[in-house]
Amino acid sequence: MLCEGSGRFTSAVIDQFFPDISILNSQGDTQTRLHERASSVAMEQFGRRVFLRAVVEISNFCRENCSYCGMRRDNRNLARFRARHEQMAELLIHYRPESVTDVNIQAGEDPVAVRELVIPLVKTLRRETSLGVSVCLGTLNPILYSELQEAGASTYIIKFEIGDPAHYREMLSPGTHHERLENIRQLAAQGWNVSSGFIVGLPGQTESRLLANFDLARRLPLAGCSVSPFIPGDETPLSAEPIAKIDLTLNSMAALRLMRPDWVIPAVSALNLAEPGSGYRRGLRTGANLVTINLTPSEMRDDYLLYKRDRFIMTEERILSAIAAEGLEPSTESLAEFYRVRDLQRAVQPCAVPANA
Ligand code: SAM
């Protein structure tokens, strides 16, 4: 419960913080205080710095069929593509913005792209650049996870998507809920920094199902977690459903920050679809400390269809101006280096940080 008697949130309470539904639905002054407190908790942990990474979306082939995702295998209207190693290497080695310290290589669930493109690309980037490397490639076999790690990737982004197992099944999310969670645990045990996440506002998400996301997140061995607003994708079975409420999404981000002050929490680009013009900047005000510049070449981007064909692209200019407008600054330390140093410190002082329950 959030301690609000005096209008303040104490750190003793934050250590055991778990949201209730009234917090997630809060509005007006209570909501303002919630966001301010989340922002100041992030400031205490990370200062003004925000990690700045680039994403490249390298394949839209996907063997999964998630009801909410435009890249689902049943979407026959999509021109499927796989990028070429040379093109991606050249882009990231010679044409990435200077402010970028890390790269996230993302794809539909496409093991062929992992083998033929991602593993060689990770090796090239580690050899030619100082970029930290994250990957977001879905549920793969353990051998591919090991090969990615040996190539030099250190962060695996794998959202659990939905905390409630029945809701996960209803939404045809990847594989089974159990399998997704086992993969998250296995990746963490293998030494990856695992960042997960969930979607707010999905059709069929009751209050208890929403809260199940927080309960699951706090029990997983994570380094970070995202909150994405549900965006009804044009070419999905959910196209006629309503978009997630921005306030519920932002309140969930703030609650996540209070629940886990030390996590890396991104501001996702979809915030600007949930509230055009201001959603993203409001996300930076709820304690988010990671932003992503999209570097996918435009000829591929249009077919990397998560939501709508008309995408809101986070360019370097948009990102840097949003950060500056919120009084934040880009981190010069990479996310990968931050995790590396933190893990070393935790190995020396295991009691200094909250344990992953
Ligand atoms: N295939 C990989 C995987 O399974 O982790 C990579 C990520 S997948 C291409 C992109 C992510 O976008 C999903 O994890 C999902 O959470 C999110 N996503 C897809 N469609 C969405 C929608 N309509 N609204 C909100 N988030 C969505």
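Both counts, for ligands and for their atoms, begin at 1 and track the order of listing. Everything numeric in this text was worked out from a predicted model, so none of it was measured.
For the residue pair Ser99 / Glu316, a side-chain donor-acceptor distance below 3.5 Å is found, with atom types taken as modelled. A donor atom on one side chain and an acceptor atom on the other are not found under 3.5 Å apart for Asn183 and Thr139.
With sequence neighbours left out, His177 forms a side chain to side chain donor-acceptor pair (under 3.5 Å) with no residue at all.
Counting heavy atoms from C-beta outward, Tyr156 and Gln190 have side chains that stay 4.5 Å or more apart.
When each of Arg82, Arg73, Arg63 is paired with Asp110, the salt bridge (charged side-chain N to carboxylate O under 4.0 Å, His left out) condition holds for Arg82 and for no other.
Contact residues of ligand 1 (protein heavy atom closer than 4.0 angstrom to a ligand atom; sorted by chain and number): Tyr68, Cys69, Met71, Ala107, Gly108, Glu109, Cys136, Leu137, Gly138, Lys159, Glu161, Arg180, Ile199, Pro229, Phe230, Ile231, Tyr304, Leu306, Tyr307.
Interatomic distance, OG1 of Thr296 versus CD of Gln106, reported as 8.0 Å (0.5 Å rounding).
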